[in-house]
Amino acid sequence: METKANKNRIDWLVTLVPFVLIGGVAGLLFIFPEQSNRVISQVRFFFGDTVGLYYLVIGLGMLAVSAFLAFSKYGDIVLGEPDEKPKYSFFTWGSMMFTCGLAADILFYSFSEWVMYAANPHIAEMGSVTEWAGVFPLFHWSFIPWAFYLVLAVAFGFMLHVRKRDRQRYSEACRPVIGGRADGILGRVIDLFALFALLAGTATTFSVATPLMAGIILKLSGLSISRTTVTIIILLLTCAVYTYAVMHGFKGIGFLAKLCIYLFFGLLIFVLVVGGQGRFIIENGFQSLGKMFQNFIELSTYTDPSRSNNFPQDWTIYYWAYWMVWSIAAPFFIGNISRGRTVRQTVLGGYVFGVGSTIVSFIILGNYSLSLQTKGAADFIAQYETSGDLYELILNIINTMPCATFILVLTLVCMVAFYATSFDSIAYTAACYSYKKLGQDEKPHAMITLLWCLLLIVLPIALVFSESSMNNIQSVSIISAFPIGIIMIVMIVGFIKDAKEYMNERRQS
């Protein structure tokens, strides 16, 4: 039976310092938007351009580790008691995992990402837009991103369900390597970096996709108010929805996740069947998938050393950093709901459900508009190059579909569900972070959860008000991810060390 944790056990340093830091950053963005964006761009240049190889190496390393864990002796470890069965069905587990890890960004990027790539000289260097613009979205959203999630989810799941640790934090996962220093200053520093990265990742995803929701509302309603105003209202309403869900625990989160999945696949099936571009969608999607597999190592190691196109700096490095900062909350949540599954089931099941669903989204929504571009029925590339407005571009794409108004409504509802499902899991994880100790059957106090629900919305609102460009929004993730990569390596080494000891204990008992 779940009990509510006592507020007196709260670690106020870990809880309040991120609040003060984020408040300070948000204040600077409010008061000095141009100067703040300029500084962010300069810092991003150092991390993304000067030491960008660091992110690429970590990405490939995480993929290799995930394969090692799935197919080695460690894959047999049950995240729980040795004979324990999974707590959730595969569909419920997969729904919660998928929705907590991607948020509404998947819809925003599924519709528009190929257009952003098409404008980059690197596509022309490789071949035609039709051949390659659909390949990179599949690459940037599939195996390496989910490797970040699943490897860390296994480490967290082992820590929570096998070792039954009562400190649900990054520093605790590092304990097998750093020992008692996890309780001291080093542990605090690790946790503060993790929470700041969590808030930065939240800000990135909210800031990227909510303006699309605002554009849909304005188009449907015909209102003449600014997109920024509507975006702020959406942020606040979404905050209310995920706050309500997280207050009802995993039951509320599970219900919302399954609802989101039904809406999501309903949208994809409707576009595929009714959109009129089904043959191209299936065939070009199949071809793009093949090209991704054939060229996976080249795509993963391309650095553009001469800086002729800056493609990896603008995209691949940004994405790996984006997944790294999202790896604060999402893997913790996935590890939590994976109780009773083996390491192998968690990794391979995550790839099947997570990567499979992601690829289907990009193939259907992306190739719909690419088909119209290829046939000459529309010129979305020219529209983007002229206006630079991705939100208006997506509205134009949807407007070409049969039953466009219905699809707009369905997209809007689906995005709200995605956001609510993602951020209720993030708020829950962040609230757990606030406790010095939190037992397996305890849940955070409602007021602490509410505090984090509100805090998650502060920086996104500041970024919207400061009218940060896509480049600067990306920069927030790239900067925050740098220290997280080092902590991840320590965690993985710690997990393998601890898992080896556990297996030896099992053999001797």
Could you tell me whether the side chain of [Y] reaches within less than 4.5 Å of the side chain of [X], counting heavy atoms only?
{"X": "F264", "Y": "V360", "answer": "no"}
{"X": "L408", "Y": "L395", "answer": "yes"}
{"X": "N336", "Y": "F332", "answer": "no"}
{"X": "Y368", "Y": "T400", "answer": "yes"}
{"X": "N367", "Y": "Q277", "answer": "no"}
{"X": "F193", "Y": "Y170", "answer": "no"}
{"X": "S361", "Y": "L268", "answer": "yes"}
{"X": "T130", "Y": "F280", "answer": "yes"}

Nearest 0.5 Å, please: how far is [atom2] in [Y] from [atom1] in [X]?
{"X": "F296", "Y": "F293", "atom1": "CZ", "atom2": "CZ", "answer": "8.5 Å"}
{"X": "T405", "Y": "I216", "atom1": "OG1", "atom2": "CD1", "answer": "11.5 Å"}
{"X": "I281", "Y": "L365", "atom1": "CD1", "atom2": "CG", "answer": "8.0 Å"}
{"X": "E392", "Y": "N399", "atom1": "CD", "atom2": "CG", "answer": "9.5 Å"}
{"X": "F156", "Y": "S338", "atom1": "CZ", "atom2": "OG", "answer": "12.5 Å"}
{"X": "T358", "Y": "I363", "atom1": "OG1", "atom2": "CD1", "answer": "11.0 Å"}

Please confirm whether [X] and [Y] have ring centers closer than 6.0 angstrom.
{"X": "W132", "Y": "W114", "value": "no"}
{"X": "F148", "Y": "Y319", "value": "no"}
{"X": "Y391", "Y": "F108", "value": "yes"}
{"X": "F91", "Y": "Y262", "value": "yes"}

| query | Would S369 and F111 satisfy side chain to side chain contact (heavy atoms under 4.5 Å, CB included), going step by step from the backbone distance to the final call? | reply | CA-CA 8 Å; S369 51; F111 276 116; over 6 Å; no
| task | Could you walk me through whether M126 and F136 pass side chain to side chain contact (heavy atoms under 4.5 Å, CB included), step by step? | result | CA-CA 12 Å; M126 299 190 75; F136 286 100; 3.6 Å; yes
Ignoring hydrogens, what is the shortest heavy-atom contact between [X] and [Y]? Give both atom names and the distance.
{"X": "F143", "Y": "M292", "result": "CE1-CE, 3.7 Å"}
{"X": "G59", "Y": "W320", "result": "CA-CD1, 4.1 Å"}
{"X": "S327", "Y": "Y149", "result": "OG-CD2, 3.6 Å"}
{"X": "L60", "Y": "T301", "result": "CD1-CG2, 3.7 Å"}
{"X": "Y351", "Y": "A147", "result": "OH-CB, 3.3 Å"}
{"X": "A133", "Y": "P137", "result": "O-CD, 3.1 Å"}

| Intermediate values then yes/no, side chain to side chain contact (heavy atoms under 4.5 Å, CB included), S66 and L150 | CA-CA 7 Å; S66 73; L150 297 171; 5.6 Å; no
| field | Which residues share a side-chain hydrogen bond (donor to acceptor under 3.5 Å, both in side chains) with Y117, sequence neighbours left out | value |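 Testing Y117 for side-chain hydrogen bond (donor to acceptor under 3.5 Å, both in side chains), a comparison that skips the adjacent residues, returns E113, H140.
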| query | Sequence neighbours excluded, which residues qualify as ring-ring contact (aromatic ring centres under 6.0 Å, His included) partners of F380? | reply |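 Scan of F380 (ring-ring contact (aromatic ring centres under 6.0 Å, His included), adjacent residues dropped) gives none.
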Keeping the roles fixed (side chain from [X], backbone from [Y]), state whether a donor-acceptor pair exists under 3.5 Å.
{"X": "D304", "Y": "S308", "result": "yes"}
{"X": "Q313", "Y": "T303", "result": "yes"}
{"X": "R341", "Y": "V347", "result": "no"}

| Any side-chain donor-acceptor pair under 3.5 Å between S112 and Y384? |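 Their side chains do not contain a donor-acceptor pair, so the 3.5 Å distance test is not met.
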| request: Quick one: list whatever passes side chain to side chain contact (heavy atoms under 4.5 Å, CB included) with A197, sequence neighbours left out. | output: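 A197 satisfies side chain to side chain contact (heavy atoms under 4.5 Å, CB included) with V325, I328, S480, I484 once adjacent residues are dropped.
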| query | Of I233, T231, V230, I232, which is the lone residue that meets side-chain contact (heavy atoms from CB on, under 4.5 Å) with T210? | reply |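 Output: one option passes, namely T231.
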| field | Test side chain to side chain contact (heavy atoms under 4.5 Å, CB included) applied to K291 and L138, step by step | value | CA-CA 10 Å; K291 280 186 172 292; L138 303 184; over 6 Å; no
| request: Kindly assign one of parallel, tilted or perpendicular to the pair W315 and Y318, based on the angle between their ring planes and the thresholds 30° and 60°. | output: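 Perpendicular, since the angle between the ring planes exceeds 60°.
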| request: Classify the ring geometry between H122 and F311 as parallel (under 30°), tilted (30 to 60°) or perpendicular (over 60°). | output: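 The rings of H122 and F311 sit tilted, inter-plane angle from 30° to 60°.
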| How about F286: does its CZ atom have over 12 heavy atoms from other parts shown lying under 6.0 Å from it? |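 Open.
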